[in-house]
Amino acid sequence: MATTETPAGRKPGPAGRKRTDIAFLLAQLGAYAAERFGERVAVLDFTRPQAGLVRLISREPGLSQQAVAGRLGTPPSRLVALVDGLEERGLIERRRNPGDRRNYALHPTAAGEQAMAALSQASLEHEQAISAPLTQAERAQLSELLGKLAAAHGLVPGIHPGYRNLSAKESG
């Protein structure tokens, strides 16, 4: 059976059949990017789940814990440990919801806003490092295509699907 020529490092496929590796490359780059991001936020004393929660609460202050858990797709019991940890560090606070005193609304503190600024800077540097080989036009095109794929698969913009499988270890 004849094979087609492929770029270095890729195994050839059967002749006449174009081989695509989109899913694998997305998984490979996603794992790499997540690992590098984890290293960046660890320097700031955050786990990836903590960084994401600070981001959500900073962008949408006043959501209830239940609403946040729903947005993240994580069990509320897992979210409690994350919220407790960030509250103990003085980064977020629970306030009684004036519309429903049974619920607490989550808000960033001044220290939480400072932490979010540092996380935003780390995210910007991460984005630049990951996409450095691309031109600005290529970055825009890639972002558009990835957004289209994410939407087609029902992924929520700005919410990492990893929260659905958050372990007790990661939430604390």
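- Members clustered with Leu29: Tyr32, Ile130, by chain and number, using a 4.5 Å side-chain heavy-atom cutoff among hydrophobic residues.
- Sequence neighbours left out, the pairs with a member in residues 63-76 that pass salt bridge (charged side-chain N to carboxylate O under 4.0 Å, His left out) are Glu60-Arg71.
- Across Val83, Leu82, Asp84, a single residue satisfies side-chain contact (heavy atoms from CB on, under 4.5 Å) together with Val80, and that is Asp84.
- Residue pairs that meet the ring pair (Phe, Tyr, Trp, His ring centres under 6.0 Å) test with at least one member in residues 98-125, sequence neighbours left out, do not exist here.
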**Item:** Trace of the side-chain contact (heavy atoms from CB on, under 4.5 Å) decision for Gln28 with Leu25
**Value:** CA-CA 5 Å; Gln28 184 183 42; Leu25 289 170; 3.5 Å; yes
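- Residue Leu155 is not grouped with residue Leu145 when hydrophobic side chains (ILVMFWY) are merged at heavy-atom distances under 4.5 angstrom, including chains of intermediate members.
- Across Ala118 and Leu44, no two heavy atoms sit closer than the pair O-CD1, 3.7 Å.
- Atom CD of Gln128 is separated from atom OG of Ser123 by 11.0 Å, given to the nearest 0.5 angstrom.
- Residues that satisfy the side-chain contact (heavy atoms from CB on, under 4.5 Å) test with Ser64, not counting sequence neighbours, are Gln66, Ala67, Asn103.
- For the atom pair CG (Leu53) and CG (Leu72), the distance works out to 6.5 Å, reported to the nearest 0.5 Å.
- For the atom pair CG of Leu86 and CD of Gln50, the computed distance is 5.0 Å after rounding to the nearest 0.5 Å.
- At most 12 non-hydrogen atoms from other residues, nucleotides or ligands lie less than 6.0 angstrom from CD of Glu144.
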Check: residues 33-41 side-chain donor-acceptor pairs under 3.5 Å, at least two apart:
| from | atom 1 | to | atom 2 | distance (Å) |
| --- | --- | --- | --- | --- |
| Arg36 | NE | Glu39 | OE1 | 3.0 |
| Arg36 | NH2 | Glu39 | OE2 | 2.8 |

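- Pairs of residues two or more places apart, or lying in two chains, never qualify as ring pair (Phe, Tyr, Trp, His ring centres under 6.0 Å) while including a residue from residues 59-97.
- Remark: Glu113 engages Ser58, Pro108 in a side-chain contact (heavy atoms from CB on, under 4.5 Å) (not counting sequence neighbours).
- Hydrophobic clustering of Ile, Leu, Val, Met, Phe, Trp and Tyr side chains at less than 4.5 Å, counting indirect connections, keeps Ile159 apart from Leu149.
- Applying the 6.0 Å contact sphere to CG of Leu124 captures more than 12 heavy atoms from other residues, nucleotides or ligands.
- Thr74 contributes no side-chain N or O that, together with a main-chain N or O of Leu79, makes up a donor-acceptor pair within less than 3.5 Å.
- Residue Gly112 comes nearest to Val54 through the heavy atom pair O-CG1, 4.2 Å, listed as atom of the first residue, atom of the second, then distance.
- The environment of CD in Gln141 is sparse: at most 12 heavy-atom neighbours from other residues, nucleotides or ligands sit within 6.0 Å.
- When the side-chain hydrogen bond (donor to acceptor under 3.5 Å, both in side chains) test is applied to Ser131, the partners found at least two apart in sequence or on another chain are Arg139.
- Partners of Leu142 according to the side-chain contact (heavy atoms from CB on, under 4.5 Å) rule, which considers only residues two or more places apart in sequence or in another chain, are Leu134, Leu146.
- Taking Arg95 as the reference, Glu93 meet the salt bridge (Lys or Arg N to Asp or Glu O under 4.0 Å) condition, with sequence neighbours excluded.
- The ring pair (Phe, Tyr, Trp, His ring centres under 6.0 Å) contacts involving residues 39-94 comprise nothing, where partners must be two or more places apart or lie in separate chains.
- Atom CG of residue Leu119 and atom CD of residue Gln121 lie 11.0 Å apart, to the nearest 0.5 angstrom.
- Atom-to-atom distance recorded for Leu91:CG and Thr109:OG1 is 5.5 Å, nearest 0.5 angstrom.
- For Glu87, the side-chain hydrogen bond (donor to acceptor under 3.5 Å, both in side chains) test picks out Arg94, with sequence neighbours left out.
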